[in-house]
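Reminder, nothing fancy here: chain letters follow the sequence lines and each chain counts from 1. It should be emphasised that the depicted structure is a prediction, and the values quoted were computed from it without experimental measurement.
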Number of protein chains: 2
Amino acid sequence: MSHTSYRTIQTEVLRRIRTRVWQPGQIIPSEVDLAVEFNCARATINRALRELAETGIIDRRRKAGTRVSLNPVRKATLDIPMTRIEIEARGLTYGYKMLAKNNIPAPEDVTVRMNLVPLQPLLHVKCLHLADGKPHVFEDRWINPNAVSNVFTAPFETVSPNEWLLQNVPISGGDIVLTAEPATVGDAAALGIPKGTALFVAERRTFIGTDTITFVRLAYAPGYRMTTHI
Amino acid sequence: MSHTSYRTIQTEVLRRIRTRVWQPGQIIPSEVDLAVEFNCARATINRALRELAETGIIDRRRKAGTRVSLNPVRKATLDIPMTRIEIEARGLTYGYKMLAKNNIPAPEDVTVRMNLVPLQPLLHVKCLHLADGKPHVFEDRWINPNAVSNVFTAPFETVSPNEWLLQNVPISGGDIVLTAEPATVGDAAALGIPKGTALFVAERRTFIGTDTITFVRLAYAPGYRMTTHI
DNA sequence: AAGTGGTCTAGACCACGTT
DNA sequence: ACGTGGTCTAGACCACTTC
């Protein structure tokens, strides 16, 4: 009996859950018991179960023990690569075009989302990412110059804000909102589609500590699919 | 010097990356070196770095060492709860209504997506989830009776297919596609909106081993936001 | 009070990939 | 060949929560 890896244990635990040997809501044996059964160290059991708990398959609480999740909140992981990488990965040619760059007071809905004082001047950049020459996503971005002191030196004419920021700004966190919206006049013009077309839109905020670095709205050309697996 | 936890190490590593002490693409010290520096066991360093690698912050390869990721593929985790839970969590009253149930040959696009032979009879269920009495999401689902033998006994008149399947079918995996689509005639009728309205749509496949259990298209009422954080 | 998971240690061997 | 991360062990102490 050698090589009782944590992966082996995960597989067996999943099998028991799938085949209803361990039913939803039911408690499963403790780490110590499982270590005896699988003839391995408790740390190995711990790693196996800890990872399963992270995916929502089981619930663990001290003293209360480990249970098969009644409501397996399926956790899906979205990979959000840089647009250029995403396009090149499909074997298409990436293109980039800056449409506008201004330092202007931001509208209220933007300053609210960014937790900034109203009418604060922000760097506003609009640009377009292309795949094989066709519009792929229209980017409308606001950048807080107070959080990115050297942003005015950035060559957004040739480098997309996302790539420049990734290389030049430390990031501590962010959030993403995914919606479907009818194309605005601006979306329609940039993507070359009729106004009102159903668009997949991602809005992303990025923080460093408590400061908002940037807020970006990405409007994807019709037909875009965001995929993930469980 | 006690209590050098893996979280402490993660925080310090992130600080060094954020402050450019360790720059993108640059190699960082080995686990052994870091264990000496932080005065802790290598296993502790390993756990700290392994978790950071899972989030895409750093890249690790045997022999090659650990590097600050050049292209930090941001991994966002989507929580996909049952619709009832999602609605109740907002303090709204959940409602459910089955609209149709048939055992009929599936259209080709469905059988293709499900890896089944064309025209195979499948259980087709349409239903509506409501929040405070208003349509929240329209569900159009196909279920493979060969993978779910007792599906014809399921009381879909009162229990949503998702909840019944979760309790009665072992699941091994699946995938999700998120898109924006104009409302079809069917979407419009079910959700009480004009045809062509931009809708957020999730299509989900669920497998047990190599068999497809179910394919579902979820069309969310306008205004729906799927949120996540990094 | 007691049981369970959470974490840490010191050491070991192995797998992989660079050299 | 050799250095790095990947994993496992046996033991320990701690933190939390239920009883």
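- For the helix from dA1(C)-dT18(D) to dT18(C)-dA1(D), the terminal axes (five pairs an end, C1' atoms, rotation from four pairs onto the next four) enclose an angle of 10°, given to 10 degrees.
- Between Y6(B) and the phosphate of dT7(C), there is a side-chain N or O to OP1/OP2 separation shorter than 4.0 Å.
- Distance F38(A) CZ to dT9(D) P: 12 Å, rounded to the nearest Å.
- If you measure from atom CD1 of I28(A) to atom C1' of dG5(C), you get 12 Å, rounded to the nearest angstrom.
- Side-chain contact between R141(A) and F215(A): absent, with no pair of heavy atoms (C-beta onward) separated by less than 4.5 Å.
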Would you mind writing out the side-chain donor-acceptor pairs for residues 147-160 of chain B within the sub-3.5 Å range, not counting sequence neighbours?
| residue | atom | partner | partner atom | Å |
| --- | --- | --- | --- | --- |
| T153(B) | OG1 | N150(B) | O | 2.6 |
| E157(B) | OE2 | K101(B) | NZ | 3.3 |
| T158(B) | OG1 | P155(B) | O | 3.3 |
| S160(B) | OG | E163(B) | N | 3.4 |

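- In this structure, the nucleotide among dT18(C), dT7(C), dG3(C) sitting nearest to the side chain of S5(B) is dT7(C).
- Looking only at side-chain heavy atoms (C-beta outward), T214(A) and P161(A) stay at 4.5 Å or farther from each other.
- In this structure the side chain of R16(B) never reaches within 4.5 angstrom of the side chain of I28(B), judged on heavy atoms.
- Of all the residues in residues 41-52 of chain A, A41(A), R42(A), A43(A), T44(A), R47(A) reach under 4.0 Å from DNA chain D with at least one non-hydrogen atom.
- At dG3(C), none of the side-chain N or O atoms of S30(A) fall inside 4.0 Å of OP1 or OP2 (strictly under the cut-off).
- The pair D175(B)-R205(B) counts as a salt bridge, with a side-chain nitrogen and a carboxylate oxygen less than 4.0 angstrom apart.
- Within the structure, a side-chain polar atom (N or O) of T66(B) is placed less than 4.0 Å from OP1 or OP2 of dG5(D).
- Using a distance-only test at 3.5 Å, with no hydrogens or angles considered, a donor-acceptor pair links the side chain of Q10(A) to the main chain of A48(A).
- Q10(A) has its CD atom 15 Å from the P atom of dG6(D), to the nearest Å.
- Atom-to-atom, CZ of R67(A) to P of dT4(C) comes out at 12 Å; the value is rounded to the nearest Å.
- Atom CD in E31(A) sits about 15 Å away from atom C1' in dG11(D), given to the nearest Å.
- Distances shown here put a side-chain N or O of R60(A) below 4.0 Å from the OP1 or OP2 atom of dG6(C).
- Without hydrogens or angle criteria, N168(A) side chain to W164(A) main chain gives a donor-acceptor distance under 3.5 Å.
- Under the 4.5 Å side-chain criterion, counting only non-hydrogen atoms from C-beta, L14(B) is in contact with L52(B).
- Annotation: of the two residues near DNA chain D, R62(A) and C40(A), the 5′-most nearest-nucleotide partner is C40(A).
- Between K63(B) atom NZ and dG6(D) atom C1' there is a gap of 16 Å when expressed in whole angstrom units.
- We find that CG of D59(A) is positioned 17 Å from P of dT4(C), with the value rounded to whole Å.
- Counting only heavy atoms from C-beta outward, the side chains of H136(A) and Y224(A) approach each other to under 4.5 Å.
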